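Written out below as structure tokens is the structure these notes cover.
We count ligands from 1, going down the list as the structure has it; atoms in each ligand are counted the same way. Values in this document were obtained by computation on a predicted structure and should not be read as measured data. In this chain, residues are counted from 1 in sequence order.
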Amino acid sequence: MDKNYWNHQIETLPRKELEDIQLQLFRERAKYCYENSSVYRKKFKEATITPEDIKTQSDIQKVPFTVKEDFRDNYPLGLLCVGADDVVEIHSSSGTTGNPVVGAYTKNDMDVWRELMARSLYTTGVRSDDVVHISYGYGLFTGGLGFHYGAQGVGATVVPASAGMTQRQVKLMKDLGATVLCCTPSFAVYLAETMRSEKVNPRSDLKLKRGLFGAEPWSERIRERIELELGIEAFDVYGLTELCGPGVSIECGAHNGLHIWEDHFLAETIDPKTGETLQPGEKGELVFTSLTKTGLPVLRYRTRDISMLETEKCSCGRTHARMLKVAGRSDDMLKIKGVNVFPSQIEYAIMGFPELACQYLIVLDRPGALDTFTVKVELAENAAKDPQIDLSNLERRILERIHNITGLCPDLELVKPGAIPRTEGKAKRVLDLRQGKT
Ligand SMILES: [Zn+2]
């Protein structure tokens with residue numbers, strides 16, 4: 001067996017074979033959903049098709065989309081395709097706006113999830129002699145337990161630190177010899193800051209080699225900062241509660257997109273406005289079908305994440321399609337003075353400056369007829385202490401870069417280190433005070 005792969009045969013399957021398997025599984029899953037869920041049956045009837053009408057790859061486009069509202073309208077478990085008896089575990093999104101999305105797993109779904117998380121971790125280089133420190137939140141959130149199952153699947157030592165208590169986490173990583181860190185990218189930045197203030201040098205005091213970061217969009221610049229500050233190789237992870245949580249796709253050592261595990265998920269990209277299917281290489285909204293789930297499968301689920309698919313074989317030898325790093329959710333896209341902007345674009349613009357720390361906040365308001373757009377960003381410790389620093393020159397260069405990337409010119413506020421509140425889970429990067437103001 002080739003030591004580079006968790007499952008050599010599946011991960012390197014020729015694309016034609018992979019696509020044939022996907023079509024077969026899609027047809028089976030469509031029939032399964034139609035027979036076991038009144039919600040799906042209704043969708044098929046409204047589209048005047050039956051699962052038998054899906055014969056070729058292009059017929060898949062006839063199947064109606066599943067959307068987040070389907071989960072909310074049928075809260076908590078109206079989309080379930082099995083009896084309640086067959087559910088062995090439940091997870092849920094945070095549901096900050098309205099009903100949360102509930103994910104229900106059968107024993108079979110749990111086996112698949114564990115296998116895909118193990119495959120994902122293995123793809124980034126995690127092996128049985130690793131110590132995996134997991135700082136994703138444990139509990140209803142899929143992050144903590146998803147990585148936990150995967151690391152155990154690989155046979156590594158798991159430290160289930162969960163989120164919070166940052167100083168203790170640094171101590172645990174040092175004392176227990178963590179080699180792999182799993183958390184949100186913003187928490188990795190916070191950990192690096194805490195190490196600095198605790199006088200812990202990650203390169204000499206820790207054994208960290210790699211980090212697996214996800215659950216929020218992050219730019220290449222943040223990757224560079226995390227890799228530099230923690231002395232590790234950073235990998236992007238993608239997943240969502242509607243599909244299983246993490247384990248949908250992962251970066252390999254080539255770092256040129258995230259391999260989607262296509263023996264379990266069918267990925268498409270669509271034009272978010274028209275719903276029309278796009279070709280690989282065209283940027284659009286990601287749509288996923290869970291091909292093997294039994295508890296709560298989804299057919300053509302619209303993720304609202306914007307990405308692009310690449311089906312050329314990767315230099316790592318894997319044939320599974322890659323999705324480009326997600327720039328942001330279409331939900332998160334900000335409309336500022338009529339211009340569409342992702343917070344990650346602002347992040348990309350400001351993170352290239354060594355004079356700045358990784359903490360920023362975008363503040364939008366509408367005090368009168370027009371939007372105001374302010375970017376607050378913290379100075380790095382060194383820059384804040386440097387009496388020679390030319391702040392007005394720095395501001396001018398930052399504004400120039402933001403303008404080049406977004407076409408907008410915000411008000412810029414350089415603030416002291418530590419002035420922007422930290423979060424121990426997902427970062428809050430946007431404060432939009434415009435709601436309700438017209
Ligand atoms: Zn690869």
So CD of E347 and CZ of R429: to nearest 0.5 Å the spacing works out to 5.5 Å
Sorted by chain and number, protein N/O/S atoms nearer to the Zn ion (ligand 1) than 2.8 Å are C252 SG, H259 NE2, C314 SG, C316 SG
Assess, by modelled atom type and distance only, whether the side chains of R119 and N7 contain a donor and an acceptor separated by less than 3.5 Å.
no
Flag the pair E251 and R210 as a salt bridge only when some basic side-chain nitrogen lies within less than 4.0 angstrom of an acidic carboxylate oxygen.
no
State whether a side-chain donor-acceptor pair under 3.5 Å links T166 with T194.
no
What orientation do F187 and Y190 show, parallel under 30°, tilted 30 to 60°, or perpendicular over 60°?
perpendicular
Knowing that exactly one of E52, R29, R41 qualifies, which makes a side-chain contact (heavy atoms from CB on, under 4.5 Å) with Y34?
R41
